[in-house]
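Have a look at the structure below, then the notes.
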Amino acid sequence: MPELPEVETVRRTLAPIVGAQMVRTWWSGKNLRLNTPVDIEALRAASRNAQVEAVRRLGKYILIDLQGQTETILVHLGMSGRLRFFPKGEARPSHTHVEWRLKDGRSLRYSDPRRFGNVELVVRGEERAHKSLAKLGPDPLDDGLDSAALRAGCQRTSRPIKVALLDQSLVAGVGNIYASEALFQARIHPKTPANKLSLARCSRLAEAIVAVLERALSHGGTSLKDFISADGHAGEHSHYLWVYDREGQPCPEPSCAGKVRRSIQQGRASFHCPRCQRS
DNA sequence: AGACAAACCTGTCTGC
DNA sequence: TGCAGACAGGTTTGTC
């Protein structure tokens with residue numbers, strides 16, 4: 001489900017839990033990503049009576065810092081994960097896997113039908129030592145995106161640029177929707193080998209990535225189906241997508257008579273305009 | 001090392 | 001109406 005704008009939307013809407021005290025932690029007993037069980041005893045120990053100090057984000061990962069604790073809660077939403085808070089007394093939705101009860105009666109719940117996501121602990125201040133976080137590239141919203149650095153990353157691989165963008169080491173946070181959208185805005189064909197891109201085109205791509213993510217964030221993210229923010233609202237950005245899931249529709253560029261084409265790259269749907277986007 | 005396919009799991013939609 | 005098959009916002013693992 002969620003790419004950077006959706007995860008950032010969740011992070012922002014989680015602001016009301018900052019300062020709240022966690023009192024009890026519950027686990028469904030179902031394994032999450034890679035069929036690994038939640039280390040519920042460690043999670044309980046870290047969360048018990050701990051006050052939420054801050055909610056941070058690294059790429060598509062959410063970190064919940066706890067006052068006075070050496071460990072931080074690390075959440076990845078996978079494809080169908082949701083992190084929401086609920087008022088006191090509201091029933092647990094189906095597929096809830098982790099629940100933190102807050103002292104004021106509210107609860108924070110992680111639900112995930114497909115269980116591709118994960119909830120674990122990382123040592124605070126050493127997040128980057130975690131295997132998944134170690135390889136993350138720059139975060140386009142927090143760090144900005146330097147054209148020369150993007151070019152250098154592209155030079156290291158001959159994979160198609162669309163595929164390279166999905167690997168989080170080049171840029172953190174770009175997923176399947178925004179990879180297609182950014183390549184459209186930069187007028188780059190998704191099958192172009194990454195190492196064939198000139199500095200000028202990398203520069204255009206860097207600008208497009210930042211612009212596309214910021215634009216989606218301003219709409220609260222994209223809800224095709226599952227995505228909702230921590231306070232339960234769907235994102236509005238699906239109404240503003242240029243090419244993603246628009247197969248056969250006219251190219252959004254008014255001066256272009258092309259139609260959006262769908263293809264499969266690395267087993268995942270890609271969308272582009274064959275007239276505007278060149279290799 | 002780099003590229004690729006398959007795997008993880010459930011829900012929803014399409015077409016017969 | 002029922003059922004099979006395709007497909008979904010992500011990441012990891014094994015194989016070549």
Side-chain angles (χ1 to χ4, degrees), chain A residues 1-11 28-38 57-62 74-83 93-97 110-120 130-137 153-183 191-195 209 212-213 215-217 219-229 234-248 262-271:
Chain A
M1 147 182 75
E3 305 182 34
L4 191 153
E6 292 75 38
V7 178
E8 176 61 15
T9 297
V10 170
R11 191 196 71 78
S28 66
K30 293 259 187 125
N31 295 349
L32 298 180
R33 173 182 298 177
L34 299 176
N35 209 22
T36 47
V38 170
R57 179 186 59 76
L58 278 177
K60 300 175 191 172
Y61 291 82
I62 289 175
L74 178 68
V75 179
H76 192 285
L77 303 174
M79 293 277 259
S80 56
R82 289 176 174 180
L83 201 51
S94 52
H95 304 292
T96 298
H97 295 298
Y110 175 77
S111 66
D112 186 359
R114 292 178 74 178
R115 286 184 274 135
F116 283 6
N118 205 10
V119 177
E120 58 192 310
H130 184 281
K131 197 169 168 245
S132 311
L133 302 184
K135 66 170 178 216
L136 292 182
C154 285
Q155 291 283 294
R156 273 185 257 114
T157 179
S158 60
R159 309 175 98 185
I161 184 61
K162 160 78 181 346
V163 172
L165 284 176
L166 294 184
D167 178 316
Q168 301 297 297
S169 59
L170 195 55
V171 179
V174 174
N176 205 38
I177 294 178
Y178 303 117
S180 281
E181 294 290 298
L183 288 169
K191 294 197 171 138
T192 312
N195 58 5
I209 289 169
V212 160
L213 296 177
R215 190 162 161 267
L217 182 57
H219 295 132
T222 301
S223 295
L224 296 180
K225 209 163 88 65
D226 296 322
F227 172 70
I228 54 172
S229 60
E236 296 299 322
H237 191 64
S238 58
H239 306 302
Y240 303 92
L241 294 173
W242 290 311
V243 292
Y244 185 84
D245 210 13
R246 296 275 187 274
E247 183 183 18
R262 179 182 192 269
S263 61
I264 301 292
Q265 289 182 273
Q266 236 196 197
R268 313 197 62 191
S270 275
F271 299 87

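Numbers restart at 1 for each chain; the letters A, B, ... are given by sequence-line order, proteins then strands.
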Is the backbone of Ala269(A) close enough, under 3.5 Å, to the side chain of Asn176(A) for a donor and an acceptor to pair up by distance? yes
Regarding Ser223(A), tell me which of base, sugar-phosphate or nothing describes its non-hydrogen contacts under 4.0 Å with the strands shown. base
By the 4.0 Å heavy-atom rule, please label Arg268(A) as base, sugar-phosphate, or nothing. base
Run through Leu165(A), Asn195(A), Leu170(A) and flag the one making a side chain to side chain contact (heavy atoms under 4.5 Å, CB included) with Cys154(A). Leu170(A)
Can you tell me how far the CG atom of Leu213(A) sits from the CD atom of Glu8(A), to the nearest 0.5 Å? 10.5 Å
Can you tell me the distance, in whole Å, between the [atom1] atom of [X] and the [atom2] atom of [N]?
X	N	atom1	atom2	answer
Asp167(A)	dA3(B)	CG	C1'	11 Å
Leu224(A)	dC7(C)	CG	P	16 Å
Gln265(A)	dA8(C)	CD	P	13 Å
Gln155(A)	dA1(B)	CD	P	20 Å
Lys135(A)	dA1(B)	NZ	C1'	15 Å
Ile177(A)	dG10(C)	CD1	C1'	12 Å
Phe227(A)	dG10(C)	CZ	C1'	15 Å
Asp245(A)	dC7(C)	CG	P	12 Å

4.5 Å side-chain heavy-atom contact, Ser132(A) and His76(A): no
Short side-chain N/O contact to dA3(B) OP1/OP2 from Thr157(A), under 4.0 Å: yes
Under 4.0 angstrom between Ser80(A) side-chain N/O and dA8(C) OP1 or OP2: no
Kindly point out which of dG10(C), dT13(C), dA3(B) is positioned nearest to the side chain of Asn176(A)? dG10(C)
Let's see if you can work this out: which of dA3(B), dT13(C), dT11(C) has an atom nearest to the side-chain heavy atoms of Gln168(A)? dT11(C)
CA sep, side-chain torsions, deciding dist, call: Leu224(A), Ile177(A), side-chain contact (heavy atoms from CB on, under 4.5 Å): CA-CA 10 Å; Leu224(A) 296 180; Ile177(A) 294 178; 3.8 Å; yes
Decide yes or no on side chain to side chain donor-acceptor pair (under 3.5 Å) for Glu181(A) and Tyr240(A), but give the supporting numbers first. CA-CA 10 Å; Glu181(A) 294 290 298; Tyr240(A) 303 92; over 6 Å; no
Heavy-atom contacts, protein to nucleotides 7-13 of chain B, under 4.0 Å, summarised as B (base), S (sugar-phosphate only) or - (none) per nt, yield -BBBSS-
Parallel, tilted or perpendicular: which describes the rings of Phe271(A) and Tyr244(A), with under 30° parallel and over 60° perpendicular? perpendicular
Does dA1(B) have a Watson-Crick or wobble partner in any strand here, with both distances under 3.5 angstrom, and which is it? none
Pairwise P distance for dA1(B) and dT11(C), with rounding to whole Å: 22 Å
If you measure from the P atom in dA6(C) to the same atom in dA6(B), how many Å do you get, rounded? 13 Å
Taking the nucleotide of DNA chain C with the closest heavy atom to each, which residue, His76(A) or Ile264(A), is nearer the 5' end? Ile264(A)
Verdict with reasoning, Tyr110(A) to Val75(A), per side-chain contact (heavy atoms from CB on, under 4.5 Å): CA-CA 9 Å; Tyr110(A) 175 77; Val75(A) 179; 3.9 Å; yes
